[in-house]
*Asks:* 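I am attaching a structure below and will ask some questions about it afterwards.
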Amino acid sequence: GNSVTQMEGPVTLSEEAFLTINCTYTATGYPSLFWYVQYPGEGLQLLLKATKADDKGSNKGFEATYRKETTSFHLEKGSVQVSDSAVYFCALRRNSGYALNFGKGTSLLVTP
Amino acid sequence: DVKVTQSSRYLVKRTGEKVFLECVQDMDHENMFWYRQDPGLGLRLIYFSYDVKMKEKGDIPEGYSVSREKKERFSLILESASTNQTSMYLCASSLRQGKNQPQHFGDGTRLSIL
């Protein structure tokens with residue numbers, strides 16, 4: 001079935017460093033891909049999404065491109081801030097029904 | 001903005017108790033979901049509902065049941081709570097149209113079973 005695999009954390013970066021969090025997917029067809037973010041003590045928030053191959057989703061300086069050739073949807077940000085410290089989840093729709101399959105999450109800590 | 005509200009942020013119950021977790025959304029979404037989140041395991045789907053009175057089992061339904069009597073409300077029930085049900089519970093909702101709609105989450109209920 002449809003699934004995603006994302007890099008394990010934790011990832012620790014200094015402020016203003018470049019961020020990449022890897023996500024690869026296995027899917028039947030071309031379902032939409034999502035990145036969610038979870039700040040400490042909160043639920044998940046949609047960060048960005050891409051609905052078809054070669055789409056680029058972007059929000060708050062984060063970007064991810066839906067790449068069919070490499071079955072990837074890596075999350076990037078050019079210059080991270082302390083406030084970006086959170087857990088990031090890659091997700092896609094399941095083969096049947098309306099639920100999403102999530103990766104296990106990647107914890108990011110940004111230090112001043 | 002979509003608002004998904006979970007009735008409690010923190011809850012402490014005892015083993016054997018019947019526990020109710022409530023979730024309400026205000027955007028007329030057809031789909032609603034319950035997940036549990038555990039360290040190292042990510043989010044796992046317990047149950048979901050795509051319409052009033054409709055429900056389907058997710059990946060880990062054992063020990064849980066759900067109720068959807070009104071479109072905006074989706075309840076998760078632990079029939080007889082056990083310590084292995086200590087976890088963070090997340091409710092989500094989404095539109096049904098298009099099948100690629102994002103899910104909107106509540107802030108979660110951290111449940112401890114003693």
Side-chain angles (χ1 to χ4, degrees), chain A residues 1-10 21 23 25 27-53 55 57-59 62 64 66 73 86-107, chain B residues 1-10 21 23 25 27 29-51 54-61 66 74 88-110:
Chain A
N2 293 358
S3 65
V4 291
T5 302
Q6 62 182 106
M7 61 185 286
E8 293 189 22
I21 299 178
C23 172
Y25 67 88
T28 303
Y30 302 103
S32 289
L33 299 171
F34 306 92
W35 276 102
Y36 282 82
V37 59
Q38 184 178 34
Y39 298 104
E42 298 184 11
L44 276 69
Q45 302 175 24
L46 178 66
L47 182 59
L48 54 85
K49 74 173 186 178
T51 57
K52 60 183 185 297
D55 257 7
S58 61
N59 186 26
F62 291 90
Y66 191 157
F73 192 54
V87 181
Y88 293 82
F89 294 89
C90 186
L92 82 173
R93 189 176 65 83
R94 298 181 168 212
N95 289 72
S96 61
Y98 303 97
L100 299 179
N101 274 341
F102 290 85
K104 292 189 176 179
T106 302
S107 176
Chain B
D1 273 359
V2 176
K3 184 73 173 174
V4 179
T5 303
Q6 295 184 230
S7 53
S8 306
R9 292 296 300 274
Y10 302 94
L21 303 183
C23 175
Q25 50 92 7
M27 285 301 291
H29 284 174
E30 294 88 355
N31 300 327
M32 296 190 74
F33 310 84
W34 276 106
Y35 296 88
R36 62 176 282 178
Q37 182 180 17
D38 299 288
L41 297 177
L43 277 75
R44 292 180 291 169
L45 181 67
I46 305 172
Y47 267 97
F48 68 97
S49 168
Y50 53 89
D51 205 346
M54 305 302 289
K55 61 186 179 184
E56 290 200 19
K57 294 180 180 179
D59 301 320
I60 51 164
V66 290
F74 192 37
M88 169 73 96
Y89 290 87
L90 294 167
C91 175
S93 71
S94 71
L95 286 169
R96 191 163 68 210
Q97 183 179 8
K99 286 199 171 183
N100 283 312
Q101 298 290 337
Q103 293 183 4
H104 302 267
F105 284 81
D107 284 338
T109 296
R110 188 165 293 282

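Numbers restart at 1 for each chain; the letters A, B, ... are given by sequence-line order, proteins then strands. Side chains are part of it too, since the values below use all heavy atoms of this structure and drop only hydrogens, waters and symmetry mates.
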*Asks:* Ser94(B) and Gln101(B): side-chain donor and acceptor closer than 3.5 Å?
*Replies:* no
*Asks:* Does CD in Glu8(A) sit with more than 12 non-hydrogen atoms of other residues, nucleotides or ligands closer than 6.0 Å?
*Replies:* no
*Asks:* Check each atom of Glu30(B) against the heavy atoms of chain A and say whether the ones under 4.5 Å are side chain, backbone, both or neither.
*Replies:* neither
*Asks:* So which part of Arg9(B) gets closer than 4.5 Å to some heavy atom of chain A, the side chain, the backbone, both or neither?
*Replies:* side chain
*Asks:* So, for Gln37(B) and Leu90(B), which heavy atoms are closest and what is the spacing to 0.1 Å?
*Replies:* OE1-CD1, 3.5 Å
*Asks:* Sort out for me which of Leu100(A), Asn101(A), Leu46(A) touches chain B most, counting heavy-atom pairs under 4.5 Å.
*Replies:*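 If we count pairs closer than 4.5 Å to chain B, Leu100(A) comes out on top.
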*Asks:* Hey, are the side chains of Tyr47(B) and Lys57(B) touching, using non-hydrogen atoms and a 4.5 Å cut-off?
*Replies:* yes
